[in-house]
Every structure is written in structure tokens, then in C-alpha cells.
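Just below is one structure, and these are the notes that go with it.
Note that the structure is a prediction, hence the values are computed from the model and not measured. Lettering follows sequence order; numbering is per chain, from 1.
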Amino acid sequence: MASCDNPNVDSDALMTRRQKYDGKTKICVKCKEGAGNIVIRYAVYCKTCFFPLIQMRFKKSLEPSINPVPDGARRKTLKAGGSLVVAFSGGTGSTALLDLVAKTYFPVRNNGETLKGGKDHPRNADQGVWKGKPAVCYVEVCGAFPGEKDRTEEIQNMVQRYLGQPFEYIPLRLEDSFDPMWWSTIRGGESASFARTLRLDMTDEDLRLTEASSSSFNDSPLNRLKAYLSSLPTQTAFHSAIQNLIRLLLLHIAASRKASHLLLGTSLTSLSVNLISGISQGTGFSVSEEAKEEWYPQPGRGMPVRVIRPLRDIGMKECAMWDWWCGLRVDGQTRHLNGSWKHAIGALARDFIFGLETDYPATVSTIARTCAKLAPKHGSEGTCVLCERPAQDGVQEWKSRISIRSYSEASSAVSGNTRPPHLNEEEISNLTKPSASSTPANSSLTPHLCYACHTLLTSRSNRGTSAPLPTGRAAEKISLPVWVNATLAASRSPGGDEDSTPGEVVQTIKMRRVDMKSQISELLLADD
Amino acid sequence: MQSELFDPGDRVAIGASGGKDSTVLAYVMKTLNERYQYGLELFLLSIDEGITGYRDDSLETVKRNQQQYDMPLKILSYDELYGWTMDAIVSQVGRKNNCTFCGVFRRQALDRGAAMLNVDHIVTGHNADDIAETVLMNIMRGDIARLGRCTAICTQGEDTVRRSKPFKYAYEKEIVMYAYFKKLDYFSTECIYSPDAYRGHARAFLKDLEAARPSAIIDIIHSGEAFEVKKEVKATQKVQRKYPPGASESNALCKACTLLEGLERGMADSGTTDRGRKRLDEAGPAPENIRTIPYFKLPSGSPAIAVETPS
């Protein structure tokens, strides 16, 4: 009979569920003494062994990436090339991460504790792994969700419980990504690129760009953020755009603080969710970046930032147990579970992976390990201006090859029968006429985007968008995040990058004897 | 067209199951072949697994297609090739591992059928939904080798005929719509022996993704095409064994023969588990009187077998 005791169900048709834990007893598999308190992937651990186990996995994921050049098997002193930024959202993963970072690398010294070897001993002279003061960075997203409360102060209180630790709290807001003042602050007062600002036409698949005067900055960053998010075609795009903005805000703030490492509290479960969600949105080319990423700010803007997820081998359940047993307060958000959010791909992937974790716990780590073995297949065409990740060659050609995107292309490719049967010749000829407003490449955002970001801005669904555009806003004039504006403005300005310069200009002039002599004059001995 | 799958004069077998995908594929191949003078010689190739209530009905559809499309048809049955029907296999092995037998046997049967028809190429009706589902399944199962090749439009093994999936970018919905508007005749049913809960999860998830954003299916395929297995991982991968452990080339059996030997000797798990394999090895060499798959000698020239031609 089937395990559900229904005599009508064939027992063969059901998968037999594996026992919750291996072995016959509930004794801890590590110390073999204590009674087990938690089951991690079929193995039983006691509370005493749980803490060193998690700390060991945390260090194993982080420490090989701390030194600028990996040490190999013989590990030397840990010394990072720059400072540290820890991203903190108040959720399960980042709460555990901050606690682990504080306890492992910034332990509070008791008053009576003496230094071993004296204060000038090399061990004590420069104790920190990272340079400068570590920062804890929080991005407040309430601007994107009307009615949601601002948690900046709550989060500050959560960070401040680490009394005696040198953490600096940096609150950011999602709308900062549309604030030229913020951009100017983190770029050391630079604001030249905002003499001209670009607006995006979201009504057209070409994603045409138009220039607006600097007076358009009268609009508040919050309104610009709302207009940008509301103009996105799907719930999925809305959700992913916010993730992108948070990621880029963190990266830019890290670069501005000369940070060598940005730590994210992504657990193994969240990593698998991100991977499946990303692959479902076409980010296959940068799938390896999801687990481990080295982000380069624009040339001459500082050292690369290593984005590390030290909890990538620790499941969300273990993170939650760490928080619980350490008495840490978690301020989680549950907006994904409600309303139209549940129809976004990110939320669907989350539900799917959480379901799998219950029924098939090994699958979650299999997803992460499989994706860690993948690398981009083709060459990169540069960096996407929106997500600042490598962009693949020939994305638009691929898209036009697999679908009929315009009748003019279809009719030029093959004749006659591929034309739509419901239209007459005149209607077809109107459709196949080249558009009068066909855009030159440099006035469209499309060539500067990766596959996933182009899809994010153009792929539609009959479920529609999240919210209507704010009053007085037109979908033809949508502001772009400040870094997109800066990158595009730099590429359009004379002497910008290679896109705008027509090529090296060479002038040939016959050299005179006098000029030739002047070039080597320092080497010649003076005539007596 | 841009994948350059065919050359003029190619002999192409269409893997026909009687379902919507292969029916539309046969119709489209025939239509385009005539309209654009591809010069292809088309055949229908069906495999009869011997599943009562599933395959016997859908084969009737294939026979009707043969008449409608005026193409030669070859039906090759597991019973004819292996002496076992899937009904008989399931009665011995149960429902848990029966897909392993069916999959291995079908692959070999298609190759045998292609060789009998002396074709250069087999085309199958796998659609975009199938490919996207396979990408997700291979990631979830950690099947790196298959993940690397599952998005290829055309594959060819060392000793097998070329296989292509011309509907790789066609959504299941588009295929159903095409069949509906063209009033095509097809059979729709799920295999009664495949209660794969895991695949069911993936399928349901994919449908949710498609509802959230219809481009999700093609986006997954794009992702699958954009990545590959890292070179250093490839270097450490074991080459897939052609023969079971301990077997040399002279006494080696292919996977289909190993499975068949297990069935014949009443130790069906020998092809699916290491423990079963060990038990089979301990039982000594195979008796003389068991059924085996006969060696196949490729006939020279035109097909040496009788194919059912439309009357």
C-alpha cells in the first residue's frame, strides 16, 4: 500500500521518501557524544558542534579570496588589498553574515586581556585583515513600494548592537541611483557628465535615447526611480531591476571607499534561487558571476571589487539556526509572498527552490555546484551599461534569427508564403517599408545592453506592469540610473571611448634635418 | 535554414510518435521540402515500445499520417528487436526504473531504424519547452555532460546517425496552434509508465515561468547556449564508459545489451545499479540460450528492408 494509506494509489507510482537523517541514532556525527539538535543534509549535529562547523564553512568560502594573489596550499597571513564593505539587509542571511564577520575578524578585546608579544609585535602592529574602517551598507527600498515603512533606523540599531566593533553604518536609498548629487559625492565631486542627460523611450523596442537639458534634474530622484520602475513591462522586470540597482549601488559605494571586498549574505538556498531565476531570465552568459564576481570600476577609477558570498555553502535553514541560537533579531521582509509579486520569475524561482529543499534537499546544493562549473561560451562584446556585467557578442542577431521581428526582414529573407495571410498586399507593403524614424546605432540603448537587460526592458507579458506611470510622466522620457547616464555620456563625448572616435588620424610629414637633430640632441656631444 | 541542417539529396527520417510535435514536424518538413525544393527524401520512422493503451493508439495516427503525407513508414518494435515489450519489462522491473530501459532501447531502435532505412539524418519533434525543461533538469541533476550539449540543434555520436531538432525554438503552444489551424490529425496522451514526480515539478515550474513572462522559455535556451562547462572541469571528467567495468572491447556489451542481458537473466537491476551489476558478474557468464540483439550489418545501396509505402 502507498505511504499515504490510500489503497487506490499504486505504491510503485510514488517516490519513497528518504529517511530524514542517516544512521540509526540521533547522536551528533561530529563529536559522537552530544544528542543531536539539528539535521543538516541528512547528518545530525549537536549545538556545540554546529557553531564551529558553520564558522569553518564561512572561512573556507571567504579566506581563499582575501589576499590579492591566492597563496595556494600554503596559506600565509590574510591581508586584503583594500577595505571591507558588508551588505546588510536585515534578513536571515545577512544577519548571520554580519555576526560571523564581527566574531571572526573583529573580535572585541576584553579590558583585562593582554597582547601577546607586546604592542609593537608584528602580530599586533597591524591586526586588521582589511585596510581602514569596515563599512556596513544598507539599501532602503521603500521608495519602490508605496506604503512600506522606512527601516533605515531599525537597521542602524541592529548594526549598533555590535558595540566595540569598528563598523561604520552607511545607509543608502534606492533612489540614490537616480541622484546626480549622490553620484557626484561618491565620484569625488565629478559632475561634468551631467551637462547633458539622456532619456529613454520605453514605448519602442529600439529603446531610443534622447537628450534632455540639465533643467530636467528639477525632478526628484524618487520620482525618476518610480517612473523608471513603472515603465518596465513586467513584474519580473520590476523585481530584477531593483536587484540590479541594489547591486550597483553597493558596488559603486564599495569602489568609492577603495574596498577590495564586498560581502553579501547570500546563503546556498538564495544562491540557487538567484541562479535559477537568472537562467530563466537569460543571464546564462554571466552565470559564473552570480557565485563569484570581480567587478572593475571604469578605467582609472580604482581597484577591482571582489564580490564574495561567504555563506554560499550554508543553507538558509542553518543561517536561521545561527541567528536563533545567537539571539540575533532578524527583520525579514515578506513582500514576495503577497500580491502580484508572487507572479515575478524571482518569486516563482524562490517558491520552486524552497519546495525542492523540503522534498529533495540535495538538489539545492547540486544547482549551485553545477553552475560553479560553467563558464561563458563565446567572446564578450564589452560591458552592459545597465548591469555592468560582461555582455555577449551578437545578442541582437540571435534574437532576430529565432523570431520574425519585422516583416521587412522576413520579406527580404524569403518570398511570398511567409507573409501574414490576414493582410493584403498594400498592408504588407506599408509594414515592410523601412521606418522613417529608424534610429542610428548611437542613439539607441540596445547595442549597449546584455541579453538579460535588453529582455528586461523589452519582453512583455499579458499580466502587465506593477503600477501606472506617475502623473505627468511619459513612457517616452524615462530617466536612466546615474551610472548608465555617465557611461553613455562619456562614450558620446568627443574623445570619449572608441565608439565615438572614427579611428586613429594619421598625418605624414617629411622630417627636416633640423627636427631630426632636435629629437636626438640630448644624445649628441656638443661641437667644440 | 541558417543552421544548415540538410543538404540536397539527403535521406531524412522523421521520428514519428503520432503526437502533436512529430505530426507537425512531418507536415512542415513535407511542405517546405516541396515549396522550396530542398530535394530531401523523407521517411517516417516509428518505434513501438509495446505499451498497451498508449502506443498502439498513437501508431494508428502515424499510419494515417503515412497516407496523408504520402511518405514511406517503418515501424520498429521493441518486441521485434529485443523480444521484450515495455509492458513485459514493467511487469518485471516495476515502474521505478522502467524509463531507463525505454530510453536506452528507443535510442538504439532509432539508430537501427535509421540504418535499415539507410538515411543520413533523423529529425525529432523536440520543441522549445522540451529543451528549456531539459536545461533546468540537467542543472538540477548536476548532469554537466548533458547540460553542455542539450541545447545543440544537431548532435552526432561516433557511431550514430546525425540527429536534429528543427523545432528547437518553436514553443509548444505554437505547435499546438499550428496543428489546430491546419486541422492536423494527432494523438495526445501521456505515457502511462512515467510518473516522474521530479520532472513534473520542473514542467510545472516552466509553465509558471512562461505565464509570468512568455519569453522565459527562449531565455532559458539562450542561457543554455551561452554557457559551457569550464575547460578545467572538462579535463577532469571521466570519459563515458562504452563498456561495463571489467569488460574489454572484445567481450564488451553496449548499454542496451547489458540491460537486455539483465532482463533475460531475471536480474533487471544489473543495468541500473552497481550492486545489481556485481550480482550479475558473480552469477557467472551468460547462458547460451538467452536472447541477444543481433549484430547489424548495414546493407549497401538502397534500403534492404520493406517499408510500408502509402497505397
> At their closest point, which heavy atom of A/Q281 faces which heavy atom of B/D219, and how far apart are they?
Replying inline: C-CB, 3.9 Å
> Can you name the closest pair of heavy atoms from A/K377 and B/E228 and give their distance?
Replying inline: CG-OE1, 3.7 Å
>> What I'd like to find out is whether the side chain of A/Y360 reaches to under 4.5 Å of the side chain of B/M140, using heavy atoms alone.
In response: no
>> Can a donor-acceptor pair be found, under 3.5 Å and without considering hydrogens, that links the side chain of A/T366 to the backbone of B/G142?
In response: no
>> Let's test your reading of the structure: which of A/I279, A/V287, A/T283 forms the most heavy-atom pairs below 4.5 Å with chain B?
In response: A/I279
> Out of B/V135, B/N138, B/I218, B/I221, which one racks up the most heavy-atom pairs below 4.5 Å with chain A?
Replying inline: B/I218
> So which heavy atom on A/S461 is nearest to which on B/A211, and how close?
Replying inline: OG-O, 3.9 Å
> What is the minimum heavy-atom distance between A/G284 and B/A226, and which atoms define it?
Replying inline: C-CB, 4.1 Å
> For the residue pair B/S223 and A/G278, what are the closest heavy atoms and their distance?
Replying inline: OG-O, 4.4 Å
>> Given heavy-atom pairs under 4.5 angstrom as the criterion, report whether the side chain, backbone, both or neither of A/A349 touches chain B.
In response: both
> Which distance, rounded to the nearest 0.5 Å, do you find between the CD1 of A/I345 and the OG of B/S215?
Replying inline: 6.5 Å
> Side chain, backbone, both or neither: which part of B/L147 has an atom under 4.5 Å from a heavy atom of chain A?
Replying inline: side chain
> CG/A/L374 to NZ/B/K230 distance, rounded to the nearest 0.5 angstrom?
Replying inline: 8.0 Å
>> To the nearest 0.5 Å, what is the distance between CD1 on B/I144 and CZ on A/R369?
In response: 10.5 Å
> Does the side chain of A/H343 reach to within under 4.5 Å of the side chain of B/D208, using non-hydrogen atoms?
Replying inline: no
>> Classify the ring geometry of B/H222 against A/W398: parallel below 30°, tilted from 30° to 60°, perpendicular beyond 60°.
In response: perpendicular
>> What's the separation between atom CD in B/E225 and atom CD1 in A/I402, rounded to the nearest 0.5 Å?
In response: 8.0 Å
> chain B heavy atoms under 4.5 Å from A/I276: which part of the residue, side chain, backbone, both or neither?
Replying inline: side chain
>> Are A/K373 and B/E232 packed together at the side-chain level, in the sense that at least one heavy-atom pair is separated by less than 4.5 angstrom?
In response: no
> From A/L356 CG over to B/F205 CZ, what is the distance, rounded to the nearest 0.5 angstrom?
Replying inline: 9.0 Å
> Under a 4.5 Å heavy-atom cutoff, which of A/A237, A/S288, A/S280 has the most pairs with chain B?
Replying inline: A/S280
> What's the verdict on side chain to side chain contact (heavy atoms under 4.5 Å, CB included) for A/T370 and B/R141, showing C-alpha distance, side-chain angles and the deciding distance?
Replying inline: CA-CA 8 Å; A/T370 308; B/R141 286 192 299 219; over 6 Å; no
